[in-house]
Amino acid sequence: MTKGTYWLEHAWLGDRVEPGVALDVADGRITAVREGVDAPPPGAEVLRGLTLPGLANAHSHAFHRALRGTVQVGSGTFWTWREVMYSVADRLTPDTYHALARAVYAEMALAGVTAVGEFHYVHHAPGGTPYADPNAMGEALIAAAAEAGIRITLLDTCYLSAGFGEAPNRHQQRFSDGSAEDWAARCSLLKEHDHARIGTAIHSVRAVPAGQLATVAAWAEERRAPLHVHLSEQTAENDACLAAHGRTPTRLLADHGVLGPRTTGVHNTHLTDEDIALLGGSGTGTCMCPTTERDLADGIGPAVALQRAGSPLSLGSDSHAVIDLFEEARAMELNERLRTRTRGHWTAAALLRAAGADGHAALGWEEAGTLEPGALADFTTVALDSVRTAGPLPRLGAETAVFAATAADVRHTVVGGRHVVRDGHHRLVPDVPQALARAVADLRA
Ligand SMILES: [Zn+2]
(Lines give C-alpha, C1' and ligand atoms only; values in the text may rest on other atoms or scores of the structure.)
Protein backbone atom coordinates (compact mmCIF):
# COMPACT_ATOMS: atom_id res chain seq x y z
CA MET A 1 0.00 0.00 0.00
CA THR A 2 1.25 3.54 -0.61
CA LYS A 3 -0.87 4.88 2.26
CA GLY A 4 -2.72 2.96 4.93
CA THR A 5 -2.57 1.27 8.30
CA TYR A 6 -1.18 -2.01 9.56
CA TRP A 7 -2.56 -3.26 12.87
CA LEU A 8 -0.06 -5.35 14.83
CA GLU A 9 -1.40 -7.83 17.35
CA HIS A 10 1.96 -7.47 19.15
CA ALA A 11 4.84 -5.17 18.25
CA TRP A 12 8.50 -5.19 19.30
CA LEU A 13 9.32 -1.57 20.07
CA GLY A 14 13.02 -2.07 20.76
CA ASP A 15 12.76 -2.59 24.52
CA ARG A 16 9.36 -4.19 25.03
CA VAL A 17 6.49 -6.06 23.40
CA GLU A 18 3.41 -3.87 23.10
CA PRO A 19 -0.02 -5.38 22.34
CA GLY A 20 -2.32 -3.59 19.88
CA VAL A 21 -0.21 -1.18 17.85
CA ALA A 22 -1.31 0.63 14.70
CA LEU A 23 1.36 1.63 12.18
CA ASP A 24 0.35 4.30 9.72
CA VAL A 25 2.33 4.08 6.51
CA ALA A 26 2.67 6.50 3.61
CA ASP A 27 5.09 6.56 0.67
CA GLY A 28 7.08 3.65 2.02
CA ARG A 29 7.67 5.09 5.50
CA ILE A 30 6.08 4.78 8.91
CA THR A 31 4.26 8.03 9.66
CA ALA A 32 2.80 7.15 13.07
CA VAL A 33 3.07 4.43 15.73
CA ARG A 34 -0.12 4.34 17.81
CA GLU A 35 -0.10 2.23 20.96
CA GLY A 36 -3.10 0.96 22.90
CA VAL A 37 -5.19 0.24 19.79
CA ASP A 38 -7.07 -2.80 21.08
CA ALA A 39 -8.87 -3.76 17.88
CA PRO A 40 -7.95 -3.38 14.20
CA PRO A 41 -9.16 -0.02 12.88
CA PRO A 42 -11.54 -0.32 9.89
CA GLY A 43 -9.61 -1.03 6.70
CA ALA A 44 -6.37 -1.85 8.50
CA GLU A 45 -4.22 -4.77 7.35
CA VAL A 46 -4.08 -7.18 10.30
CA LEU A 47 -0.75 -8.79 11.26
CA ARG A 48 -1.27 -11.51 13.90
CA GLY A 49 1.78 -12.57 15.90
CA LEU A 50 4.79 -10.47 16.92
CA THR A 51 5.91 -7.83 14.44
CA LEU A 52 9.60 -6.95 14.46
CA PRO A 53 11.54 -4.42 12.42
CA GLY A 54 12.68 -6.07 9.17
CA LEU A 55 15.78 -8.22 9.44
CA ALA A 56 19.02 -7.28 7.70
CA ASN A 57 21.10 -10.08 6.20
CA ALA A 58 24.39 -8.21 6.23
CA HIS A 59 26.54 -10.77 4.43
CA SER A 60 25.41 -12.83 1.44
CA HIS A 61 26.97 -14.59 -1.52
CA ALA A 62 23.76 -15.53 -3.34
CA PHE A 63 25.37 -18.19 -5.54
CA HIS A 64 26.56 -20.23 -2.55
CA ARG A 65 22.91 -21.25 -2.13
CA ALA A 66 23.56 -23.75 -4.96
CA LEU A 67 25.88 -25.65 -2.59
CA ARG A 68 23.34 -26.25 0.16
CA GLY A 69 23.20 -29.86 1.26
CA THR A 70 26.32 -30.70 -0.73
CA VAL A 71 29.93 -30.68 0.46
CA GLN A 72 28.82 -32.24 3.74
CA VAL A 73 30.04 -35.80 3.19
CA GLY A 74 33.54 -36.68 4.29
CA SER A 75 36.22 -34.50 5.77
CA GLY A 76 37.78 -31.38 4.36
CA THR A 77 38.48 -27.79 5.23
CA PHE A 78 37.43 -24.31 4.23
CA TRP A 79 39.94 -24.61 1.37
CA THR A 80 38.53 -27.87 -0.07
CA TRP A 81 35.00 -26.45 0.24
CA ARG A 82 36.21 -23.44 -1.74
CA GLU A 83 37.14 -25.66 -4.71
CA VAL A 84 33.53 -26.90 -4.98
CA MET A 85 32.25 -23.33 -4.57
CA TYR A 86 34.49 -22.22 -7.46
CA SER A 87 33.05 -24.95 -9.71
CA VAL A 88 29.61 -23.32 -9.29
CA ALA A 89 31.05 -19.82 -9.77
CA ASP A 90 32.54 -20.98 -13.08
CA ARG A 91 29.06 -21.72 -14.46
CA LEU A 92 27.33 -18.45 -13.57
CA THR A 93 26.04 -16.18 -16.32
CA PRO A 94 24.02 -12.97 -15.88
CA ASP A 95 20.84 -14.96 -16.66
CA THR A 96 21.47 -17.97 -14.43
CA TYR A 97 22.71 -15.72 -11.63
CA HIS A 98 19.62 -13.55 -11.93
CA ALA A 99 17.33 -16.59 -11.69
CA LEU A 100 19.17 -18.01 -8.68
CA ALA A 101 19.43 -14.68 -6.83
CA ARG A 102 15.74 -13.90 -7.39
CA ALA A 103 14.85 -17.22 -5.76
CA VAL A 104 17.39 -16.81 -2.94
CA TYR A 105 16.19 -13.29 -2.15
CA ALA A 106 12.61 -14.57 -2.19
CA GLU A 107 13.69 -17.21 0.34
CA MET A 108 15.12 -14.37 2.41
CA ALA A 109 11.84 -12.44 2.27
CA LEU A 110 10.08 -15.58 3.51
CA ALA A 111 12.57 -15.58 6.40
CA GLY A 112 11.75 -11.98 7.37
CA VAL A 113 14.75 -10.39 5.67
CA THR A 114 13.99 -6.96 4.23
CA ALA A 115 17.54 -5.92 3.23
CA VAL A 116 20.50 -7.94 2.02
CA GLY A 117 24.17 -7.02 1.75
CA GLU A 118 25.39 -8.85 -1.33
CA PHE A 119 29.17 -9.26 -1.22
CA HIS A 120 29.56 -9.51 -4.97
CA TYR A 121 32.73 -10.48 -6.79
CA VAL A 122 31.74 -12.57 -9.85
CA HIS A 123 32.03 -9.59 -12.18
CA HIS A 124 33.21 -10.81 -15.59
CA ALA A 125 32.83 -13.74 -17.99
CA PRO A 126 34.97 -16.83 -17.30
CA GLY A 127 38.58 -15.99 -18.12
CA GLY A 128 38.04 -12.39 -17.10
CA THR A 129 36.55 -10.88 -20.27
CA PRO A 130 34.13 -8.09 -19.36
CA TYR A 131 30.51 -8.44 -20.48
CA ALA A 132 29.19 -5.88 -22.99
CA ASP A 133 27.69 -4.18 -19.94
CA PRO A 134 30.63 -4.46 -17.53
CA ASN A 135 28.15 -4.51 -14.62
CA ALA A 136 25.83 -7.12 -16.11
CA MET A 137 26.29 -9.41 -13.10
CA GLY A 138 25.77 -6.70 -10.46
CA GLU A 139 22.74 -5.37 -12.33
CA ALA A 140 21.32 -8.91 -12.42
CA LEU A 141 21.53 -9.02 -8.61
CA ILE A 142 19.92 -5.59 -8.22
CA ALA A 143 17.07 -6.66 -10.53
CA ALA A 144 16.71 -9.96 -8.63
CA ALA A 145 16.24 -8.11 -5.34
CA ALA A 146 13.59 -5.85 -6.89
CA GLU A 147 11.69 -8.87 -8.20
CA ALA A 148 11.90 -10.58 -4.81
CA GLY A 149 10.65 -7.40 -3.13
CA ILE A 150 13.61 -6.72 -0.81
CA ARG A 151 16.26 -4.02 -0.51
CA ILE A 152 19.84 -4.68 -1.53
CA THR A 153 23.16 -3.05 -0.85
CA LEU A 154 25.40 -4.28 -3.64
CA LEU A 155 28.79 -4.51 -1.97
CA ASP A 156 30.79 -4.48 -5.18
CA THR A 157 33.95 -6.31 -4.30
CA CYS A 158 37.52 -5.63 -5.34
CA TYR A 159 39.28 -8.97 -5.94
CA LEU A 160 42.63 -8.82 -7.69
CA SER A 161 44.92 -11.60 -6.46
CA ALA A 162 44.93 -15.22 -5.35
CA GLY A 163 47.20 -14.48 -2.43
CA PHE A 164 50.01 -12.17 -1.41
CA GLY A 165 51.95 -11.50 -4.63
CA GLU A 166 50.03 -14.16 -6.61
CA ALA A 167 48.03 -13.56 -9.78
CA PRO A 168 44.39 -14.72 -9.78
CA ASN A 169 44.02 -18.44 -10.50
CA ARG A 170 41.85 -19.62 -13.41
CA HIS A 171 38.65 -19.55 -11.31
CA GLN A 172 39.41 -16.10 -9.95
CA GLN A 173 40.11 -14.38 -13.28
CA ARG A 174 36.46 -13.45 -13.63
CA PHE A 175 36.53 -11.78 -10.22
CA SER A 176 39.35 -9.40 -11.15
CA ASP A 177 39.26 -5.93 -12.71
CA GLY A 178 43.06 -5.93 -12.99
CA SER A 179 43.63 -3.02 -10.62
CA ALA A 180 41.78 -1.13 -7.92
CA GLU A 181 41.58 1.87 -10.25
CA ASP A 182 39.83 -0.19 -12.91
CA TRP A 183 37.58 -1.67 -10.23
CA ALA A 184 36.66 1.89 -9.16
CA ALA A 185 35.95 2.96 -12.74
CA ARG A 186 33.55 0.05 -13.21
CA CYS A 187 31.86 0.61 -9.84
CA SER A 188 31.31 4.27 -10.66
CA LEU A 189 28.96 3.17 -13.46
CA LEU A 190 26.55 1.45 -11.04
CA LYS A 191 23.33 3.32 -10.33
CA GLU A 192 21.33 3.39 -7.11
CA HIS A 193 17.58 2.76 -7.06
CA ASP A 194 14.84 3.14 -4.45
CA HIS A 195 15.51 -0.43 -3.34
CA ALA A 196 19.25 -0.56 -4.08
CA ARG A 197 22.32 1.18 -2.71
CA ILE A 198 25.89 0.74 -3.86
CA GLY A 199 28.50 -0.19 -1.30
CA THR A 200 31.97 -1.60 -1.67
CA ALA A 201 34.09 -4.45 -0.42
CA ILE A 202 37.65 -5.60 -0.24
CA HIS A 203 37.44 -9.34 -0.67
CA SER A 204 40.24 -9.88 1.85
CA VAL A 205 43.83 -8.83 2.45
CA ARG A 206 44.76 -11.87 0.33
CA ALA A 207 42.82 -10.61 -2.67
CA VAL A 208 43.75 -6.91 -2.77
CA PRO A 209 47.45 -5.95 -2.74
CA ALA A 210 48.30 -3.66 0.18
CA GLY A 211 49.31 -0.83 -2.14
CA GLN A 212 45.79 -0.75 -3.61
CA LEU A 213 43.72 -0.92 -0.42
CA ALA A 214 43.62 2.87 -0.09
CA THR A 215 42.06 3.26 -3.54
CA VAL A 216 39.04 1.21 -2.46
CA ALA A 217 38.82 3.01 0.87
CA ALA A 218 38.93 6.41 -0.87
CA TRP A 219 36.15 5.44 -3.29
CA ALA A 220 33.93 4.42 -0.35
CA GLU A 221 34.86 7.49 1.66
CA GLU A 222 34.04 9.88 -1.17
CA ARG A 223 30.54 8.41 -1.46
CA ARG A 224 30.07 7.75 2.24
CA ALA A 225 29.34 4.16 1.17
CA PRO A 226 29.63 1.04 3.32
CA LEU A 227 32.91 -0.87 2.95
CA HIS A 228 32.99 -4.54 3.94
CA VAL A 229 35.95 -6.90 4.13
CA HIS A 230 36.40 -10.59 4.97
CA LEU A 231 38.77 -10.46 7.91
CA SER A 232 40.77 -13.20 9.62
CA GLU A 233 38.27 -15.97 8.90
CA GLN A 234 41.13 -18.45 8.68
CA THR A 235 44.42 -18.65 10.56
CA ALA A 236 46.17 -19.40 7.24
CA GLU A 237 45.28 -15.88 6.10
CA ASN A 238 46.83 -14.42 9.24
CA ASP A 239 49.99 -16.50 8.78
CA ALA A 240 50.38 -15.47 5.13
CA CYS A 241 49.78 -11.81 5.97
CA LEU A 242 52.35 -11.90 8.77
CA ALA A 243 54.86 -13.53 6.41
CA ALA A 244 54.22 -11.00 3.62
CA HIS A 245 53.81 -7.79 5.64
CA GLY A 246 54.97 -8.50 9.18
CA ARG A 247 51.60 -7.52 10.60
CA THR A 248 48.12 -8.92 11.09
CA PRO A 249 45.37 -8.38 8.49
CA THR A 250 43.61 -5.94 10.86
CA ARG A 251 46.80 -3.91 11.38
CA LEU A 252 47.39 -3.90 7.61
CA LEU A 253 43.88 -2.53 7.01
CA ALA A 254 44.35 0.07 9.75
CA ASP A 255 47.67 1.19 8.24
CA HIS A 256 46.02 1.74 4.84
CA GLY A 257 43.05 3.74 6.10
CA VAL A 258 40.44 1.02 5.65
CA LEU A 259 38.99 0.94 9.19
CA GLY A 260 36.25 3.32 10.39
CA PRO A 261 32.57 3.56 11.28
CA ARG A 262 31.33 2.81 7.73
CA THR A 263 33.58 -0.27 7.52
CA THR A 264 32.48 -3.76 8.57
CA GLY A 265 34.82 -6.70 9.08
CA VAL A 266 33.12 -9.96 8.22
CA HIS A 267 33.90 -12.95 10.48
CA ASN A 268 36.67 -11.25 12.55
CA THR A 269 37.41 -14.72 13.89
CA HIS A 270 41.12 -15.04 14.69
CA LEU A 271 42.16 -11.71 16.21
CA THR A 272 44.83 -10.48 18.59
CA ASP A 273 44.05 -8.13 21.46
CA GLU A 274 45.57 -5.32 19.40
CA ASP A 275 43.28 -6.20 16.46
CA ILE A 276 40.23 -6.02 18.73
CA ALA A 277 41.34 -2.62 20.04
CA LEU A 278 41.93 -1.32 16.49
CA LEU A 279 38.51 -2.48 15.28
CA GLY A 280 36.63 -1.27 18.35
CA GLY A 281 38.54 2.00 18.67
CA SER A 282 37.84 2.94 15.05
CA GLY A 283 34.14 2.04 15.32
CA THR A 284 34.57 -0.62 12.62
CA GLY A 285 31.63 -3.02 12.68
CA THR A 286 31.70 -6.81 12.96
CA CYS A 287 29.44 -9.06 10.91
CA MET A 288 29.20 -12.51 12.42
CA CYS A 289 27.97 -15.39 10.26
CA PRO A 290 27.71 -18.16 12.86
CA THR A 291 25.92 -20.80 10.76
CA THR A 292 28.54 -20.54 8.04
CA GLU A 293 31.44 -20.26 10.47
CA ARG A 294 30.38 -23.50 12.12
CA ASP A 295 29.64 -25.17 8.77
CA LEU A 296 33.13 -24.35 7.51
CA ALA A 297 34.81 -25.13 10.84
CA ASP A 298 36.24 -21.59 11.00
CA GLY A 299 36.16 -21.11 14.75
CA ILE A 300 34.31 -18.74 17.09
CA GLY A 301 35.12 -15.06 16.84
CA PRO A 302 35.46 -12.80 19.90
CA ALA A 303 32.13 -11.02 19.39
CA VAL A 304 31.72 -10.09 23.06
CA ALA A 305 35.15 -8.49 23.26
CA LEU A 306 34.67 -6.72 19.92
CA GLN A 307 31.35 -5.22 20.96
CA ARG A 308 32.77 -4.17 24.31
CA ALA A 309 35.66 -2.47 22.49
CA GLY A 310 33.19 -0.44 20.39
CA SER A 311 32.46 -2.58 17.32
CA PRO A 312 28.73 -2.74 16.46
CA LEU A 313 27.52 -6.25 15.58
CA SER A 314 25.55 -7.40 12.57
CA LEU A 315 24.64 -10.86 11.26
CA GLY A 316 24.74 -12.60 7.89
CA SER A 317 23.88 -15.97 6.41
CA ASP A 318 26.95 -15.78 4.12
CA SER A 319 27.11 -19.20 2.40
CA HIS A 320 23.39 -19.87 3.00
CA ALA A 321 23.90 -23.28 4.56
CA VAL A 322 20.63 -22.08 6.08
CA ILE A 323 18.86 -18.73 5.70
CA ASP A 324 17.50 -17.97 9.13
CA LEU A 325 18.46 -14.80 10.97
CA PHE A 326 16.93 -16.07 14.22
CA GLU A 327 19.33 -18.98 14.05
CA GLU A 328 22.26 -16.62 13.35
CA ALA A 329 21.29 -14.47 16.34
CA ARG A 330 20.93 -17.30 18.82
CA ALA A 331 24.01 -19.08 17.48
CA MET A 332 26.15 -16.06 18.35
CA GLU A 333 24.95 -16.26 21.95
CA LEU A 334 25.03 -20.05 22.15
CA ASN A 335 28.55 -20.28 20.68
CA GLU A 336 29.69 -17.94 23.42
CA ARG A 337 27.96 -20.06 26.07
CA LEU A 338 29.77 -23.18 24.85
CA ARG A 339 33.09 -21.38 24.70
CA THR A 340 32.84 -19.78 28.16
CA ARG A 341 30.49 -22.21 29.92
CA THR A 342 28.46 -19.23 31.16
CA ARG A 343 25.09 -17.91 29.91
CA GLY A 344 23.60 -14.53 29.15
CA HIS A 345 26.11 -12.68 26.96
CA TRP A 346 23.40 -10.87 24.99
CA THR A 347 19.75 -10.22 25.69
CA ALA A 348 17.17 -11.09 23.04
CA ALA A 349 16.77 -7.32 22.56
CA ALA A 350 20.49 -6.92 21.81
CA LEU A 351 20.43 -9.83 19.38
CA LEU A 352 17.42 -8.37 17.58
CA ARG A 353 19.26 -5.04 17.35
CA ALA A 354 22.15 -6.82 15.60
CA ALA A 355 19.70 -8.48 13.21
CA GLY A 356 17.77 -5.22 12.76
CA ALA A 357 18.95 -1.64 13.24
CA ASP A 358 22.69 -2.34 13.45
CA GLY A 359 22.58 -4.70 10.47
CA HIS A 360 20.79 -2.09 8.40
CA ALA A 361 23.29 0.58 9.45
CA ALA A 362 26.15 -1.69 8.34
CA LEU A 363 24.52 -1.73 4.89
CA GLY A 364 23.94 2.02 4.71
CA TRP A 365 20.20 1.87 5.48
CA GLU A 366 20.34 3.89 8.71
CA GLU A 367 16.66 4.81 8.36
CA ALA A 368 15.53 1.16 8.66
CA GLY A 369 15.48 -1.38 11.46
CA THR A 370 13.14 0.30 13.96
CA LEU A 371 9.39 0.73 14.29
CA GLU A 372 9.18 4.49 14.69
CA PRO A 373 7.84 7.47 12.76
CA GLY A 374 10.09 8.37 9.85
CA ALA A 375 11.63 4.90 9.54
CA LEU A 376 11.25 2.88 6.38
CA ALA A 377 8.08 0.77 6.59
CA ASP A 378 10.02 -2.51 6.67
CA PHE A 379 8.83 -5.13 9.15
CA THR A 380 8.16 -8.80 9.60
CA THR A 381 5.73 -10.79 11.71
CA VAL A 382 6.58 -13.99 13.58
CA ALA A 383 3.79 -16.40 14.45
CA LEU A 384 3.33 -16.89 18.19
CA ASP A 385 1.03 -19.88 17.70
CA SER A 386 3.18 -22.37 15.80
CA VAL A 387 4.42 -25.64 17.30
CA ARG A 388 7.72 -23.90 18.05
CA THR A 389 6.39 -20.64 19.45
CA ALA A 390 3.13 -21.55 21.20
CA GLY A 391 3.22 -21.45 24.99
CA PRO A 392 5.35 -18.55 26.21
CA LEU A 393 3.48 -15.38 27.17
CA PRO A 394 3.36 -12.81 24.35
CA ARG A 395 5.38 -10.36 26.44
CA LEU A 396 8.27 -12.82 26.07
CA GLY A 397 7.93 -12.53 22.30
CA ALA A 398 11.48 -11.28 21.73
CA GLU A 399 12.94 -14.23 23.65
CA THR A 400 10.60 -16.61 21.81
CA ALA A 401 11.61 -15.19 18.43
CA VAL A 402 15.34 -15.36 19.13
CA PHE A 403 15.57 -18.58 21.11
CA ALA A 404 12.74 -20.74 19.70
CA ALA A 405 11.44 -19.47 16.36
CA THR A 406 12.84 -20.37 12.96
CA ALA A 407 12.48 -18.75 9.58
CA ALA A 408 9.49 -21.07 9.04
CA ASP A 409 7.58 -19.05 11.65
CA VAL A 410 7.69 -15.87 9.60
CA ARG A 411 4.13 -15.07 8.57
CA HIS A 412 4.39 -11.63 6.99
CA THR A 413 7.10 -9.45 5.50
CA VAL A 414 6.46 -5.84 4.53
CA VAL A 415 9.06 -3.77 2.65
CA GLY A 416 8.51 -0.07 2.02
CA GLY A 417 4.88 -0.49 3.08
CA ARG A 418 4.34 -3.24 0.48
CA HIS A 419 3.12 -6.61 1.71
CA VAL A 420 5.70 -8.94 0.10
CA VAL A 421 5.02 -12.06 2.18
CA ARG A 422 1.45 -12.62 3.37
CA ASP A 423 0.47 -15.59 5.52
CA GLY A 424 3.72 -17.34 4.65
CA HIS A 425 3.31 -16.94 0.88
CA HIS A 426 5.55 -14.82 -1.29
CA ARG A 427 3.32 -12.57 -3.37
CA LEU A 428 5.83 -11.79 -6.14
CA VAL A 429 7.54 -15.17 -6.58
CA PRO A 430 4.64 -17.62 -6.40
CA ASP A 431 6.57 -20.88 -5.99
CA VAL A 432 9.87 -20.15 -4.26
CA PRO A 433 10.92 -23.81 -3.74
CA GLN A 434 10.40 -24.54 -7.42
CA ALA A 435 12.30 -21.39 -8.42
CA LEU A 436 15.18 -22.48 -6.18
CA ALA A 437 15.15 -26.05 -7.49
CA ARG A 438 15.26 -24.95 -11.12
CA ALA A 439 17.94 -22.33 -10.61
CA VAL A 440 20.16 -24.68 -8.63
CA ALA A 441 19.66 -27.52 -11.14
CA ASP A 442 20.81 -25.21 -13.95
CA LEU A 443 24.08 -24.58 -12.14
CA ARG A 444 24.80 -28.10 -10.98
CA ALA A 445 23.77 -30.03 -14.12
ZN1 LIG B 1 31.68 -14.23 2.74
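Just so you know, ligand 1 is whichever comes first in the structure, and atom 1 is the first atom listed for that ligand. Please read all numbers here as calculations on a predicted model, not as lab measurements.
For residues 216-238, every residue pair satisfying the ring-ring contact (aromatic ring centres under 6.0 Å, His included) rule, not counting sequence neighbours, is listed here: H59-H230, H61-H230, F119-H230, W183-W219, H203-H230, H230-H267.
The Zn ion (ligand 1) has no N, O or S atom of C289 under 2.8 Å away, backbone or side chain.
Ionic pairing of D255 and R251 is present here: one or more N-O contacts between side-chain nitrogen and carboxylate oxygen are shorter than 4.0 angstrom. Electrostatic pairing of R197 and E367 counts as a salt bridge here, judged by a charged N lying under 4.0 Å from a carboxylate O.
Rounded to 10°, the angle formed at the Zn ion (ligand 1) by H230 NE2 and H59 NE2 is 90°.
With sequence neighbours excluded, the residues satisfying salt bridge (Lys or Arg N to Asp or Glu O under 4.0 Å) with R337 are E333.
Within H61, the N, O or S atom at minimum distance from the Zn ion (ligand 1) carries the name NE2.
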